[in-house]
Amino acid sequence: MRAAICCGISSTMLGSATRAAELRQSGAANASAAAQQSSGAAKNELARIVTDETGKRVTIPADVKRVVTLAPNLTETIYALGLEERLAGDTDYCDTPPAAKLKPHVGGAQNPSLEAIIALHPDLVLATTSINRIETVDGLAKVGVAVYTTDPQTVRGMLESTARIAGLMGAEALGSALVAKLRARLEAVSARLADVPPVHALFVVWEDPLITIGQNTFIADAMRWAGAESVILSQQKWPHISFEEVVRLQPEYILFASDHAGFGAEELGALRSREAWKQLRAVELGHIAVISEEINRPSPGLVDAIEQLAREVHPEVFRAAENGKVKMENGHGQRQMTHANFGVQELQGLKPGDSSANGLSRLKPRPTNINELRPAL
């Protein structure tokens, strides 16, 4: 059976696990490059110095007319803001919306061509700690190209990054309007699930070997907003787990991400044909939820995925609400949770910051109210 991973996962998870820390430490190494940028920017009295999400100071033009994005979530954010006319180029894997595929490409997210980026004469390059390499950021900075690096680790962090990107491009009003709409949609989901216990789910990042998500990833945070929590509580970001552990925990739902419309039926049929997976009641009951690959991207489309996931795992709540009734309990049985520190190789990728620094509460075992898990906007 196909590995349960899509371009969205690979574009957000397969970077170095120490990338965010390296980017934060690169400020001193980039001092001379920053001086070069400041010297060139001095010709423009309105040039400004900003601090990116890794703590690095970057000199950018006051009027950003051309931007190059180095990750799919950044490209999607530019389109969501309505600033696509300023997008000079993106990566080979930027496919949302489809129009992004028509933009000039600069290569892959991990190995873009610096020459191709420079040839597009960007006023600003947007990078992210989740996939882009420190060598790319440093290489561009050394030749005087302004690079702003984002580091969203939660749903709230995605909203903040969206607003910051809008501000960089002089589109604060567009950013405020978009964030307000996204926030309202999240609050609507939160209100419907206010008194509903979360379902316990296994998010499958990769099937063989079996890899899932840690509790401090933005995917885990998105699940909490949707009224779900992972059956695995691990400090690792992408822990490998044994199938025996999954059988012991008996998740109520198995979650996959895909952009393939028929993937759900295919996956359920395949799982039901395998002896090991038939041991899971979720498979027997057909509780297989295939969520849009937007669940893998810290961009505005993440809210679409949260709404979809909430409807998938709490269908009775949304049916009741649409019928003018509010059902307070979801009828799911109790499930055992586990704190896990598997001590095995994990997928390299996002390095979220301390959740407490973002005003979030850590995942609690056996919550009685989903609001104990879901951070307030």
Side-chain angles (χ1 to χ4, degrees), residues 152-159 179-203 212-233 249-257 264 281-282 285-292 294-337 355 358-377:
Q153 303 300 336
T154 62
V155 175
R156 183 178 181 179
M158 178 274 292
L159 296 178
V179 169
K181 290 178 181 178
L182 296 174
R183 194 187 303 271
R185 290 166 61 189
L186 287 168
E187 289 174 348
V189 173
S190 180
R192 287 195 176 183
L193 301 178
D195 297 298
V196 180
V199 300
H200 303 122
L202 175 72
F203 189 97
T212 187
I213 59 171
Q215 66 198 72
N216 293 322
T217 59
F218 75 88
I219 296 177
D221 189 53
M223 286 175 59
R224 291 191 282 267
W225 278 103
E229 58 178 327
S230 174
V231 291
I232 301 296
L233 299 184
L249 293 171
Q250 287 293 330
E252 294 167 298
Y253 274 85
I254 311 296
L255 308 182
F256 295 90
R281 287 189 291 275
L285 295 172
H287 287 179
I288 309 296
V290 181
I291 309 305
S292 162
E294 294 290 343
I295 195 73
N296 302 317
R297 295 178 177 178
S299 54
L302 182 60
V303 176
D304 294 332
I306 289 172
E307 291 173 333
Q308 179 192 358
L309 178 56
R311 288 179 175 276
E312 290 276 0
V313 300
H314 294 290
E316 71 293 334
V317 171
F318 287 88
R319 283 198 302 267
E322 289 164 1
N323 293 331
K325 301 176 182 179
V326 179
K327 190 172 182 180
M328 306 304 286
E329 297 180 359
N330 66 0
H332 290 289
Q334 297 293 310
R335 291 290 181 263
Q336 187 177 13
M337 300 289 290
S355 61
N358 292 325
L360 306 177
S361 299
R362 290 193 178 277
L363 187 64
K364 301 175 183 178
R366 304 307 319 136
T368 57
N369 190 312
I370 191 63
N371 285 331
E372 295 179 15
L373 295 176
R374 189 183 299 110
L377 280 172

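What you are looking at is a predicted structure, and each value in this text was computed from that prediction instead of being measured.
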### Query
What is the distance from atom CD1 of I306 to atom CD1 of I295, rounded to the nearest 0.5 Å?
6.0 Å
### Message
Given 3.5 Å as the limit, does a donor-acceptor pair link the side chain of H314 with the main chain of G227, or not?
### Response
yes
### Message
Quick check for you: to the nearest 0.5 Å, what is the distance between L186 atom CG and M158 atom CE?
### Response
6.5 Å
### Message
Working to the nearest 0.5 angstrom, can you tell me the gap between R319 CZ and R311 CZ?
### Response
11.0 Å
### Task
Please round to the nearest 0.5 Å and tell me the distance separating atom CZ of F218 and atom CZ of R297.
10.0 Å
### Task
Heavy atoms only: give me the nearest A257-S292 pair and the separation to one decimal.
CB-O, 4.3 Å
### Query
Do you know which two heavy atoms are closest between F203 and T212, and how far apart they sit?
O-OG1, 2.7 Å
### Task
For S230 and Q215, run side chain to side chain contact (heavy atoms under 4.5 Å, CB included): C-alpha distance rounded to whole Å, both residues' side-chain angles, the deciding distance at 0.1 Å, then the answer.
CA-CA 7 Å; S230 174; Q215 66 198 72; over 6 Å; no
### Query
E229 side chain to P198 main-chain N or O, any donor-acceptor pair under 3.5 Å?
no
## Note on the structure
Checking D304, V303, L302, V155 against L182 for side chain to side chain contact (heavy atoms under 4.5 Å, CB included), the one that qualifies is V303
#### Entry: Side-chain donor/acceptor of E252 to backbone N/O of H200, under 3.5 Å
yes
### Between CH2 on residue W225 and CZ on residue R185, distance to nearest 0.5 Å
13.5 Å
### Task
Give the C-alpha distance, both sets of side-chain angles, the deciding distance and a yes or no for side chain to side chain contact (heavy atoms under 4.5 Å, CB included) between H287 and V199.
CA-CA 11 Å; H287 287 179; V199 300; over 6 Å; no
### Query
Which heavy atom in G214 sits nearest to a heavy atom in A220, and how many Å separate them?
O-CB, 3.4 Å
### Message
Run the side chain to side chain contact (heavy atoms under 4.5 Å, CB included) test on L255 and L202 for me, step by step, so that the C-alpha distance in whole Å, both residues' side-chain angles and the decisive distance to 0.1 Å come before the verdict.
### Response
CA-CA 6 Å; L255 308 182; L202 175 72; over 6 Å; no
### Task
Look up atom CD in Q153 and atom CG in N216, then write down how far apart they are to the nearest 0.5 Å.
9.5 Å
### Task
Give the C-alpha distance, both sets of side-chain angles, the deciding distance and a yes or no for side chain to side chain contact (heavy atoms under 4.5 Å, CB included) between R192 and V189.
CA-CA 5 Å; R192 287 195 176 183; V189 173; 6.0 Å; no
### Task
Spell out, as yes or no, whether a donor-acceptor pair under 3.5 Å connects the side chain of E312 to the backbone of I291.
no
